[in-house]
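Each remark here refers to the structure printed beneath this line.
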Amino acid sequence: MPETRILLEHAEDPALRTIEGYKGYGGYATMEKAYREMEQDEVLQELEESGLRGRGGAGFSMGKKASFLPRGDMPKYLCCNADESEPGAFKDRELMQRNPHQLIEGIAIAALAADAGHAFIFIRGEYDLQADILDAAVAEAYAAGYLGTNILGTHRDLELVVHRGAGAYICGEETALLDALEGKRGNPRLKPPFPAVQGLYGGPTLINNVETLSNVPRIVAHGAAWFRGFGTEQSPGTKVVSVSGGVRRPGNYEVELGIPTRELIYDLAGGPEHGHEVKAFYPGGSSSPVLTAAEGMDLPYSFEAMAEAGSMLGSGSIIVADDRVSVPHMALRTARFYHHESCGKCAPCREGTNWTVKMLERVVRGEATPMDLDIISSVQANIMGHCLCVLGDSMAMPVSAMVNKFRDEFEQVIANADPYAVVEAPPEALGASI
Amino acid sequence: MSGKEVTIVVDGREIAATEGEMLHDAAKQGDVEIPVFCYEPKLGDPVGACRMCLVEIEGIPKLQTSCSTPVRDGMVVHTRTEQVKHAQSAVVEFLLVNHPLDCPVCDKGGECPLQDITQGWGPGKSRVIDEKRHFQKPIELSPLVAIDRERCILCYRCVRFSQEVSEDEQLQLLERGDRTFVGTFDDRPYVAPFHGNITDICPVGALTNYTYRFRARPWDIEQAGSVCTLCPSQCNVSFTVRDEKVKRVITRDNHEVDDGWLCDRGRYGFEMFEAAERVAGPRLRGGETDWETAIAKAAAGLRASGGKVAAIVGDASNEEGYLLQCLLREALGSPHVDSRPSRGPGREAIVQLAQPDVSAKVRDIDEADVVLVLGTDPLHSSPILDLRVRKAIRRNGAKLALATERPTALDGGAAAVARYAPGGAAGFLAQLTEALTEVGAPSSLGTSSKESDTAGASGELPSSSAKRSEGAPTSVADTLQGAKRVVILWGERIGRERGATEALLQLADALGVASAEGAGLLEVPDTTNARGLREAGCLPDAGPGLSEPKDASTGLSAANASLVGKSTEEIREALASGEVESVLLFGVDPLRDFPDTPAWESALTACKHLVVFSMHENATTAKADVVLPLETHAEKDGTVTHPDGRLQRVRPSAGRPGGVRSNIQVLAELSTALGHDTGIDSQLEAFAALRDAVPFYADIDDSDISGRGIRWQETAAAANVPEASVGAPSERFAEEEGRSPEASATPRPSDEVPSEEGAPTLALGTYRDLWAGPITELNPPLKFLMPHQRVEISPGDAERLGVKSGEKVSVSQNGSSVEAEVQIKERVPEGVVFLAEGLAEGNANGLLNGGPVEVEVRKLGEGRA
Amino acid sequence: MSPVDGPGASNPNFPVDLAVSEGRVPDRREEAVPELHEVECPPELRERIETLMSRYPDRRSASIPALWAVQERYGWCSPEGIRQAAAVMRFTPAYLESVASFYDLLHTEPVGTHRIEVCTNISCWMRGGDELLDAFEAAAGGEDDFFVTGFECLGACDIAPMAAIGQRYYGPLEAAEAGTAIEQLKAGAEVLPEKALDRRPLAGDLPHPGEGADA
Ligand SMILES: Cc1cc2nc3c(=O)[nH]c(=O)nc-3n(C[C@H](O)[C@H](O)[C@H](O)COP(=O)(O)O)c2cc1C
Ligand code: SF4
Ligand code: FES
């Protein structure tokens, strides 16, 4: 079955990057309608009824979150989360690179719903090309009067700043993002207070993912009912899914939520190479507990189905491991990522990730005992639910899933240390900074 | 927090709590201990980093950090369930993953929260066999503090202190994740006036004092509570004593006084107790002698001058001050006693300032709407108040208005900054009061409502010749408009200027501080127990309890001029003129600390009989006929009075060197030797006598002040404070008419001669640096902080004079000059330069003469040498 | 003179610390907020940072952009550059260094002018990311103006194995192409044009690999 391109409609046309190109396909018409004819509450209502769920990982209702912002004339903010740093996720990159104005229009309309006067796009520093494209697009939008003061002759103002990060996955966590945007180290904050109540500079702040916001124009244009015409009851709409790893045609595919996972992996992404089979896959980025092919291949690709299966849809990124992949090594790669990215603020994550990596390194070097596997599992349990944010859990969940589901393979690896298990030191060795 | 009383249930026990207070604190009230590492209320808002304090709250699935969870009525909490125990032992295990467990060689051993919590809540055994992270250890974070990064558990406390309490922002976390470590920019030393506090709050052995490393174990030491009298802040300290000797000074948290912090002066300034320069016993010019001889000689000399004697007292307890003024007034029949470095307001003004309704207490700063800092830089003159003001701004949104001669450490956080020229305080205060009383004062003229940190310097201050504080008050006035709780921190120095104290009282009146709750004046004195000594009677025109001076024999208090003695400055002149022949100095070093060093040189040379009580040898003791040793604040027994009226107890904590005796006994014996037996020879008797003599101390007895001290204003006897005859002109200054400060300058030949080729002159401002004086000379660990004379100059004037930072120049007036290094400072107003007082070399006191001083600045090796 | 009672009060084996017996002078001065006249901040850098500060409600927000500006000017966040930014922003250099050291793309140590980040995360690792990293390191031959490093997921798993060269993405790369890229960089030529992400069509518009092996 083919893709259902809504967000990626016309995405193959390079002209879409420019404001003329975008307007050529009807761009900014919805914003004009919203700004000229709609009240804040009407916009909010459309968004809430559409059932649009956050595409950044948590899957929380976008409309509801926007409605949490207190009313009143204190300064309010909107932050677009374009940090996209979770292994396996690259959909926001595609959306910003191919259709920047769709995002800007989405932000402008969401700002109306949140009554925010200042918006920021926090884009990961690595996305240099995409940030340049956004900068150009924002400049065009200002020139055309879609941003700035007294927009479209209405008495609304909106400042939009593209803010480049500098390389830290944790800045994708919404409160760490706020600290980074305030010019600090990107450490998560205690919640409560939640950003909707007390966020950027202490003001009410709406934080949404790039894909979430990119959905806004069409929802407001065609209405909640139209949007609910796609996807499932609990997961309405389409989703841009990043498929990568052991498939022949990795890439972003926009599909209706709820289609069989198999179609994504085989029909669209081309499945594993000839003579090989899918062993397991992460259904929602590296933070999601892996599913074996048997467990997951025939599940509908939706928030609810993945949750039921004990995993999650997360950011909607599938990483496929074919039968050549050593799961213990994959577990090590996964753990190393979170160890490297832990902000270091809270003890269970900081020390848990580093301890797990050391144990897994011993495993793949064959210097461990089956008892170490029990310790690894118990350490994951000790991390879960004890951290300040969920980065710690984001390692603990997939790693414990792998140890539990592929215990035999771990024990084999320990038994006859895999000759390929050359475990080079992580990017910076501990204390190397001194 | 709302303050509403609520009830919560912790481990089945009902606990009364205040709504909004943190669960951890509420539980503590109910004797339920929840372990913490990162949580430290003194540091401000919780960070929830260590995760040690996780507890179960009914209705919430995930465990919550009790350090950051405000209590709500009816909250049901469990701190001992399996789930919680599991979490706690998990966190301890995580914290130990990278901890070296080198307790046997760790200074913290035995007083270490990590040790205790591991014992109490940790897993019995370690499952970690992997390599721990390594750092070079220990290394020098500063010359005073060692850092062992392997022991650090990254609890955030020290860096939060640096960001949110002292706000020096020098100590930072570097790198990320488990590579994170505590450090400074470019590995430079962490040098900041409060940095020693991080060794008190570190919950492990990562931050330790070089001055204490390997000195003692908890079981060889005793803690002795006392008060630091190295500055007027009078912070509460606890001396760590081993074998009768002070090994360490730590805080003895008193919210009313110090908020649980210490400055590095008080923390590390204890090795001078054993310095070689310490006066270890009585001596005469010839050399050491025994006590009888010393006291006999001292008495004889003083008696010989037949009433032409004077006394100046500085670093002394209330009891010492009281006995000293008795000795002078009663035994020697002389009224010439003072406790101020030069001169000050008269009794009338002092009595008005002492009225309870116009005086603020330290804690009022916390809740102030506006803190107005006048003529002082708390960082240098009363350091702990600097932290207090920062706290008020950061946590309670207080506004800060500053009016000073010299840029202060607090400028950055000020809503308004005004600079007046040296000697311009009185004028400034008058204009400010005017601006406040003028209805709708135009905020247009020359303001400096802070945009940038350097505002306030800008344009505030016309050249040194013009009337200097023109317009400046407006921004300050704007900040004060409508404010209720105004706390005025004012420097005693202002009072050296004629009319300034009166102007200050008028300002306080205009602000209505007397009637406003939590508003008032808080003095930052020049000396450590200034208020206590004044109230004990160490003033030329006021006896104990600020009473009018009485005739010793008749006991009648007549407004008879003969009963009014001379101020410090007048004593100096009287010595020169022979009007006074012999002097008794108690804990003062005029040649170091008083204005006009040359004049003091000749005065002390002219002095027939000089008796000096001193802790250490110095230029003044070198001139003395009799030198008597003083106890340190770790040795003496007595009381002091905080600038806000709080009487506090200084307790003997360490042993005295053999030749040193109780100051109180020595004074009593000297008095007896002079034929006046006070019948006093113990602190208790001395305090009793003081209390009888000071009516508003009447309700205070020793037990009241043992712990946290007590403000006399808060006792019933406060009513006994002398009536203020409102608005009465200050007799002192009235009487000083004719000999105005300017004229008081010892005339010098070159007085009228204009500097050749009319080299531009600049106004000279002087200040007392936190590290000036013997403190950095007698305490080896503090040597590196010894200030060297720098002339602070504005970029504009530097350009005009063609001098650059770092160059050596001479700063001179009328022949006397000091050498200094140029330091260009953006915030120094044009037309003024600043020099430091009290330095071993190039002491600015050498240039002062009681009036405004204009100086010439020349590059060395240029012009006349 | 000995202000303490002889060597090692409690334990004679521990030396009395110099700080206690003689005092110790730090080799360098501490660094508070430098004033502008104390640093030689290039005017254009100063203006750039001032403009950046003006874009945000709170000047602190400009920290990361300002550090980017410093890195562009000096090739890395050098202590001098950090001091200059600190003087303009009126923060302590320590604060800015603390921020810089948190982020992987801001370098607080000198690095080569040509920066190559090779992804070694899950998807690239599965498709030869490690080998690609080795190839780049070999090709760069440890030359100073090349900075080659392994990197976590760069958000381009669709072109795995991939690398970011001068902040732009290229992939999927053969180990052999590492050498080509280095040569092109040396020659100042355009790098691997046909592998630039910017030129790549949507995955769905690529020719279908044909019948997928059914599981
Ligand atoms: C460690 C961590 C990393 C995250 N990274 C991202 C990210 O890169 N992009 C994103 O949109 N959300 C990310 N999130 C989720 C955000 O915290 C937040 O839930 C999301 O941006 C909300 O937007 P949404 O409701 O539109 O999904 C991350 C969360 C965590 C805990
Ligand atoms: S869980 Fe990890 S990333 Fe999140 S706050 Fe704790 S240390 Fe930082
Ligand atoms: S004490 Fe609560 S998290 Fe550290």
Side-chain angles (χ1 to χ4, degrees), chain A residues 3 8 11-12 75 84-90 93 118 124-129 161 163-169 180-186 201 242 244-246 248-253 266-268 270-272 274-278 286 293 297 319 321 325 330 333-334 337 340-341 427, chain C residues 55-68 91 98-106 108 117 120-127 130 133 149-160 164 166-169 172 197-198 201-210 212-215:
Chain A
E3 294 181 64
L8 289 177
E12 66 291 340
E84 188 162 64
S85 306
E86 184 185 19
F90 46 90
R93 186 204 75 208
H118 221 125
R124 71 180 294 187
E126 293 84 349
Y127 283 173
D128 189 53
L129 169 67
V161 174
H163 186 94
R164 298 174 194 225
Y169 164 62
L181 199 41
E182 286 178 9
K184 305 173 186 150
R185 294 162 61 87
Y201 310 123
S242 306
S244 69
R248 289 184 294 168
R249 200 169 69 148
N252 285 311
Y253 298 96
Y266 282 88
D267 302 355
L268 290 170
H274 283 299
H276 292 286
E277 292 183 359
V278 174
S286 65
M297 201 54 75
I319 307 173
V325 171
M330 187 163 74
R333 290 286 156 163
T334 308
F337 170 77
H340 179 74
E341 299 297 339
Chain C
R55 292 169 63 194
Y56 299 90
D58 172 356
R59 73 182 202 282
R60 194 178 285 272
S61 284
S63 303
I64 296 174
L67 287 161
W68 274 118
F91 292 130
S98 164
V99 171
S101 68
F102 185 89
Y103 298 99
D104 292 337
L105 294 176
L106 295 171
T108 50
E117 288 116 15
T120 57
N121 204 289
I122 306 170
S123 296
C124 285
W125 161 72
M126 287 179 180
R127 294 171 155 261
D130 290 0
L133 174 59
T149 180
F151 213 79
E152 296 300 351
C153 183
L154 284 152
C157 315
D158 48 346
I159 54 169
Q167 295 255 56
R168 293 302 163 96
Y169 288 5
L197 175 71
D198 199 12
L202 274 169
D205 301 342
L206 288 168
H208 199 285
D214 22 277

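Here is how names work: the chains are called A, B, and so on, in the same order as the sequence lines, proteins then strands, and each is numbered from 1.
- The candidate with the highest count of non-hydrogen atom pairs below 4.5 Å against chain C, out of Pro75(A), Gly186(A), Ala293(A), is Gly186(A).
- The minimum heavy-atom distance between Tyr253(A) and Ala203(C), with the atom names listed, is OH-CB, 3.6 Å.
- Contact of the Ile64(C) side chain with the Arg164(A) side chain is not registered, since no non-hydrogen atoms from C-beta on lie closer than 4.5 Å.
- Taking Ala164(C) as the reference, Glu117(C), Leu154(C), Tyr169(C) meet the side-chain contact (heavy atoms from CB on, under 4.5 Å) condition, with sequence neighbours excluded.
- Among all heavy-atom pairs drawn from Phe102(C) and Ala168(A), the shortest one is CE2-CB, 3.9 Å.
- Using a 4.5 Å cut-off between heavy atoms, Phe337(A) contacts chain C through both its backbone and its side chain.
- The side-chain contact (heavy atoms from CB on, under 4.5 Å) check on Ser85(A) picks up Asp83(A), Arg124(A), Tyr169(A), with sequence neighbours excluded.
- Between His163(A) and Pro65(C) there is a side-chain heavy-atom pair separated by less than 4.5 Å.
- The minimum heavy-atom distance linking Cys153(C) with Gly88(A) is given by the pair SG-N, 3.8 Å.
- Only the side chain of Arg168(C) comes within contact range of chain A, judged by heavy atoms closer than 4.5 Å.
- For the side chain to side chain contact (heavy atoms under 4.5 Å, CB included) criterion with Ser123(C), the lone passing option out of Pro87(A), Ser244(A), Pro250(A) is Ser244(A).
- In this structure, CZ in Arg249(A) is found 4.5 Å from NE2 in His208(C), a value given to the nearest 0.5 Å.
- Closest approach of Gly125(A) to Trp68(C), counting heavy atoms only: CA-CZ2, 4.4 Å.
- At least one side-chain heavy atom of Ile122(C) sits less than 4.5 Å from a side-chain heavy atom of Ser286(A).
- Both the backbone and the side chain of Ala11(A) come within contact range of chain C, judged by heavy atoms closer than 4.5 Å.
- Listed options Met297(A), Glu86(A), Lys184(A) were ranked by heavy-atom pairs under 4.5 angstrom with chain C; first place goes to Lys184(A).
- Residue Met126(C) holds its CE atom at 10.5 Å from CZ of Arg333(A), rounded to the nearest 0.5 Å.
- With hydrogens and angles ignored, the 3.5 Å screen pairs no side-chain donor or acceptor of Arg55(C) with any backbone N or O of Val161(A).
- For the atom pair CD of Glu126(A) and CG of Asp104(C), the computed distance is 7.5 Å after rounding to the nearest 0.5 Å.
- In terms of heavy-atom pairs under 4.5 Å with chain A, the best-connected choice from Asn121(C), Leu202(C), Leu67(C), Val99(C) is Leu202(C).
- Taking every heavy atom of both residues into account, Phe90(A) and Cys157(C) meet most closely at CE2-CB, 3.5 Å.
- In terms of heavy-atom pairs under 4.5 angstrom with chain C, the leader among Leu181(A), Asp128(A), Asn252(A) is Asp128(A).
- Both the backbone and the side chain of Ala321(A) come within contact range of chain C, with heavy atoms under 4.5 Å apart.
- Among the candidates Gly251(A), Gly167(A), Ala180(A), Ser242(A), the residue making the largest number of heavy-atom pairs closer than 4.5 Å to chain C is Gly167(A).
- For a residue to count as touching a neighbouring chain, one of its non-hydrogen atoms must lie under 4.5 Å from one of that chain's; by this rule Arg185(A) touches chain C with backbone and side chain alike.
- The distance from the OH atom of Tyr201(A) to the CG atom of Asp58(C) is 5.5 Å, given to the nearest 0.5 Å.
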Would you please test Tyr56(C) and His118(A) for side-chain contact (heavy atoms from CB on, under 4.5 Å) and show each step?
CA-CA 9 Å; Tyr56(C) 299 90; His118(A) 221 125; over 6 Å; no
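- Interface summary for chain A: among Ser98(C), Ala62(C), Pro201(C), Cys124(C), the most heavy-atom pairs under 4.5 angstrom belong to Ser98(C).
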